[in-house]
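Note that the numbering runs from 1 along the sequence shown for the chain.
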Amino acid sequence: MPPELLVVQHVDREGPDRIADWADAKRITVQRIRPDQGEALPAVETHQPAVAVLMGGPMGVNERQQPGLHWLEQELAWLKQWLAQGRPALGICLGAQLLCVASGGRIEPLNAGDPAHPLKEVGFGPISWQKTAAEVPWLQGIPTHQLVLHWHGDRCRLSQHAELLASTLHCPEQAFQIGQHAVGLQFHVEASPASVEQWIEADQAFIGSAGTSAARIRRDQDLFQVSLDREGNQLLDQLLNHLMAQAGS
């Protein structure tokens, strides 16, 4: 029996999307847990082999002490135990920030320019992979510069335990790994067009504060959808295969 995907979801509109499609095609079980709704995370030491997939959300890791977000503090404590046991994990956006903090890093607002000013990355734009397939085998065939969806205003300050994998011009920490068993992606390749539309409807103010527009995001998605699908699916397939192998070893 292959390992399962343990999907930790934080809001309705940020589900596993293409990750769930990948699992369905491979007949891999997906268990979804909603800690924001009071659902308990499994016991780390006794749970069956699994890859934890930590999804995104509009809340930030640094908000975990605020009223109503105590579950985020509990999830972070659980994740530290999960990583300490060498169990594999994939963190996306908020999930990547949780991985960063769980491994000893910190989260801070993204700033750019001289003098520095707050910046949000929202919409489609390229990342640059800093590692080759010879160094990171699951990057085999992935273009050095890859178009992805951005939706954040923070950055991950990585600890010495994390290795930088990808950057943008303004945000150096776009992807990282912790050993061979945990990977954080600040960007999105998992989101379906239907989910992106939900994000647009829910985050109008956030989009405007980033200096872009719903119309531009929709136009870019229509324009680049073929390459976004092809490259995003290839990255997820190779990365998830790698992490599943870690879970089964």
Looking at side-chain heavy atoms only, is the closest gap between [X] and [Y] below 4.5 Å?
| X | Y | answer |
| --- | --- | --- |
| E163 | K131 | yes |
| E121 | L110 | yes |
| E14 | S195 | no |
| V148 | P126 | no |
| L139 | T132 | no |
| Q74 | P35 | no |
| L72 | L98 | yes |
| Q234 | I142 | yes |

Item to check | From CA spacing to verdict: side chain to side chain contact (heavy atoms under 4.5 Å, CB included), T168, I127 | outcome: CA-CA 5 Å; T168 60; I127 59 165; 3.8 Å; yes
Item to check | Contacts of L169 that satisfy side chain to side chain contact (heavy atoms under 4.5 Å, CB included) - sequence neighbours left out | outcome: none
Item to check | S167: side chain to side chain contact (heavy atoms under 4.5 Å, CB included) partners, not counting sequence neighbours | outcome: Q130, L164, P172
With clusters defined by side-chain heavy atoms of hydrophobic residues (ILVMFWY) lying less than 4.5 Å apart, directly or transitively, does [Y] cluster with [X]?
| X | Y | answer |
| --- | --- | --- |
| I92 | W129 | yes |
| L240 | I178 | no |
| V183 | V7 | yes |
| L83 | I107 | yes |
| V8 | V101 | yes |

Using distance only, find each side-chain donor-acceptor pair of residues 22-32 under 3.5 Å and give its atom names and separation, not counting sequence neighbours.
| unit_1 | atom_1 | unit_2 | atom_2 | d |
| --- | --- | --- | --- | --- |
| W22 | NE1 | D237 | OD1 | 2.8 |
| R32 | NH1 | Q9 | OE1 | 3.3 |

Partners of [X] by side chain to side chain donor-acceptor pair (under 3.5 Å), sequence neighbours excluded?
| X | answer |
| --- | --- |
| Q37 | none |
| D12 | R34 |
| Q225 | D229 |
| Q198 | none |

Item to check | ILVMFWY cluster membership beyond V196 - transitive side-chain contacts under 4.5 angstrom | outcome: V122, F124, L147, L149, W151, W199, I200, F206, I207, I217, L223, F224, L228
Checklist entry - Is there a donor-acceptor pair closer than 3.5 Å between any side-chain N or O of D220 and the backbone N or O of G123? => result no
Checklist entry - Under 3.5 Å, is there a donor-acceptor pair between the side chain of R64 and the main chain of V61? => result yes
Let me confirm one number: the [atom1]-[atom2] distance from [X] to [Y], rounded to the nearest 0.5 Å.
| X | Y | atom1 | atom2 | value |
| --- | --- | --- | --- | --- |
| L185 | C93 | CG | SG | 10.0 Å |
| C171 | K120 | SG | NZ | 13.5 Å |
| Q65 | L69 | CD | CG | 10.0 Å |
| E75 | I33 | CD | CD1 | 9.5 Å |
| Q177 | L99 | CD | CG | 12.0 Å |

Next on the checklist: side chain to side chain contact (heavy atoms under 4.5 Å, CB included) for N233 and R18? Distances and angles first, verdict last.
Outcome noted: CA-CA 7 Å; N233 286 336; R18 289 193 173 101; 3.0 Å; yes
Checklist entry - Is the shortest side-chain N to carboxylate O distance from D222 to R218 below 4.0 Å? => result no
Item to check | Distance-only donor-acceptor check, side chains H161 and S103, under 3.5 Å | outcome: no
Checklist entry - Do you see a donor-acceptor pair shorter than 3.5 Å between the side chains of Q140 and Q238? => result no
Next on the checklist: Looking at every non-hydrogen atom in both residues, tell me the closest pair between P109 and D154 and how far apart they are.
Outcome noted: CA-OD1, 3.5 Å
Item to check | Shortest non-hydrogen contact from P3 toward M244 | outcome: O-CE, 3.0 Å
Checklist entry - Does any pair with a residue in residues 178-188 pass side-chain hydrogen bond (donor to acceptor under 3.5 Å, both in side chains), and if so which ones, sequence neighbours excluded? => result H188-E190
Checklist entry - Which residue pairs pass the side-chain hydrogen bond (donor to acceptor under 3.5 Å, both in side chains) test with at least one member in residues 76-102, sequence neighbours excluded? => result none
Checklist entry - Q174 and side-chain contact (heavy atoms from CB on, under 4.5 Å): which partner among Q146, R155, H150? => result H150
Could you pull out all donor-acceptor pairs under 3.5 Å where a side-chain atom in residues 112-119 meets a protein atom, sequence neighbours excluded?
| unit_1 | atom_1 | unit_2 | atom_2 | d |
| --- | --- | --- | --- | --- |
| H117 | ND1 | A112 | O | 2.8 |

Next on the checklist: Can you confirm whether or not the ring centre of W71 sits under 6.0 Å from the ring centre of H10?
Outcome noted: yes
Next on the checklist: Apply side chain to side chain contact (heavy atoms under 4.5 Å, CB included) to residues L243 and W138 and explain how you reach the verdict.
Outcome noted: CA-CA 10 Å; L243 293 174; W138 51 264; over 6 Å; no
Item to check | Test log, rule salt bridge (charged side-chain N to carboxylate O under 4.0 Å, His left out), inputs E201 and R13 | outcome: CA-CA 11 Å; E201 293 298 325; R13 65 181 180 271; over 6 Å; no
Give the table of side-chain donor-acceptor pairs shorter than 3.5 Å for residues 47-59, with sequence neighbours excluded, one pair per line with atom names and distance.
| unit_1 | atom_1 | unit_2 | atom_2 | d |
| --- | --- | --- | --- | --- |
| H47 | NE2 | E4 | OE2 | 2.6 |

